[in-house]
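Structure first, then comments.
Along the sequence shown, the residues carry numbers beginning at 1.
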Amino acid sequence: MNAAISAIARFGLAAVWLWSGTVKLLNPLDSRQAIAAYELLPGGMIDFLAVALPAVELILGLMLLIGVFLRWAAVASAIILAGFIVGVGSAWARGLSIDCGCFGGGGYDADAGPASYLTSIGRDLVFLAMAAWTAWRPFERFAVRP
């Protein structure tokens, strides 16, 4: 049973990173808009992060998929996901109306409210649990280097 959970956590998290990184990398202006909407960073950092974050997500997704430094990839994933949770919580607490931009798009969203923020936070908590599980019990089968 633990092996199945480990496989789901590793490959599921890989799919999340590959999907989100690809969508963001293909739409850098949307990524920039999504990051800017959080109103947390200066302009120069936003431009850098709009390119760097999708690249890091793709790298983490590939590391998890092929099985290179699984624990390190999982820990890095957990740190990034914790940052996402804090960012969404901060936007909510400050009364911003934004789409998280987690899987593309993002920016101002007049329909954003408690339900959308709780959904984003809940989803990221599930991904965080997957990262924690992978760090604790990485699925090493099919791994190039566990």
Side-chain angles (χ1 to χ4, degrees), residues 1-41 45-94 96-107 109 111-146:
M1 182 65 169
N2 282 342
I5 294 170
S6 294
I8 291 168
R10 173 184 156 192
F11 293 118
L13 194 56
V16 166
W17 286 137
L18 291 170
W19 177 24
S20 67
T22 299
V23 169
K24 291 174 189 170
L25 206 56
L26 292 175
N27 300 295
L29 293 178
D30 287 350
S31 295
R32 188 195 186 292
Q33 178 180 319
I35 294 167
Y38 283 90
E39 299 178 7
L40 292 171
L41 302 170
M45 292 273 307
I46 293 169
D47 293 335
F48 171 76
L49 203 54
V51 174
L53 182 60
V56 169
E57 291 176 349
L58 284 172
I59 290 167
L60 288 173
L62 288 171
M63 289 174 70
L64 290 162
L65 183 65
I66 65 174
V68 178
F69 302 111
L70 288 171
R71 289 182 200 266
W72 286 105
V75 169
S77 295
I79 291 167
I80 292 170
L81 289 162
F84 289 169
I85 292 166
V86 168
V88 172
S90 169
W92 185 13
R94 291 180 292 131
L96 301 178
S97 293
I98 63 171
D99 176 321
C100 74
C102 300
F103 295 97
D109 180 3
D111 296 327
S116 60
Y117 291 119
L118 284 172
T119 299
S120 292
I121 290 170
R123 181 193 58 229
D124 287 348
L125 284 170
V126 170
F127 297 155
L128 180 60
M130 293 166 68
W133 186 277
T134 301
W136 178 53
R137 299 188 70 114
F139 183 71
E140 296 175 349
R141 191 174 306 152
F142 313 117
V144 171
R145 178 189 162 122

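- Looking at every heavy atom in both residues, Ala50 comes nearest to Pro28 through CB-O, 4.2 Å.
- When side chains are defined from C-beta on, Leu13 counts as touching Ser77, because their heavy atoms get closer than 4.5 Å.
- Separation of atoms CD1 (Ile80) and CG (Leu53) is listed at 6.5 Å; rounding is to 0.5 Å.
- Looking at Asp47 and Arg32, a side-chain N of the basic residue comes within less than 4.0 Å of a carboxylate O on the acidic one, giving a salt bridge.
- Between the CZ atom in Phe127 and the CZ atom in Phe84 there is a gap of 10.5 Å [rounded to 0.5 Å].
- Shown here for Ala74 and Ala135, the closest heavy-atom pair between the two residues is CB-N, 3.4 Å.
- Annotation for Pro54 and Gly21: closest pair CB-O, 3.5 Å, computed over non-hydrogen atoms.
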Side chains of residues 2-9: which donor-acceptor pairs under 3.5 Å do they make with residues two or more places apart or in other chains?
| residue | atom | partner | partner atom | Å |
| --- | --- | --- | --- | --- |
| Ser6 | OG | Asn2 | O | 2.9 |
| Ser6 | OG | Trp133 | NE1 | 2.8 |
| Ser6 | OG | Arg137 | O | 2.8 |

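- Interatomic distance, Ile85 CD1 to Leu125 CG, rounded to the nearest 0.5 Å: 4.0 Å.
- Every residue meeting the ring pair (Phe, Tyr, Trp, His ring centres under 6.0 Å) condition with Tyr117, not counting sequence neighbours, appears here in chain and number order: Trp92.
- Looking at Thr22, Val23, Val16 one by one, the single match for side chain to side chain contact (heavy atoms under 4.5 Å, CB included) with Phe103 turns out to be Val16.
- Side chain of Arg71 to main chain of Trp136: a donor-acceptor pair is present (N/O by atom type, distance under 3.5 Å, no hydrogens or angles).
- Ser20 and Glu57 make their closest contact through OG-OE1, 3.1 Å (heavy atoms, listed as atom of the first residue, atom of the second, distance).
- Residues Trp17 and Leu58 form no side-chain contact, since every pair of their non-hydrogen atoms from C-beta on lies 4.5 Å or further apart.
- To the nearest 0.5 Å, atoms CG (Leu65) and CZ (Phe11) are separated by 6.5 Å.
- Taking CD of Gln33 as the reference point, atom CD1 of Ile46 lies at 11.5 Å (rounded to 0.5 Å).
- Under the 4.5 Å side-chain criterion, counting only non-hydrogen atoms from C-beta, Asp124 is not in contact with Cys100.
- Here the closest non-hydrogen pair linking Arg141 and Arg10 is O-NH1, 2.9 Å.
- Ser90 places a side-chain heavy atom less than 4.5 Å from the side chain of Leu40.
- Note: Asp30 CG to Leu25 CG = 12.5 Å, rounded to the nearest 0.5 Å.
- With hydrogens and angles ignored, the 3.5 Å screen pairs a side-chain donor or acceptor of Arg94 with a backbone N or O of Tyr38.
- Residue Ile121 comes nearest to Val88 through the heavy atom pair CG1-CG1, 3.7 Å, listed as atom of the first residue, atom of the second, then distance.
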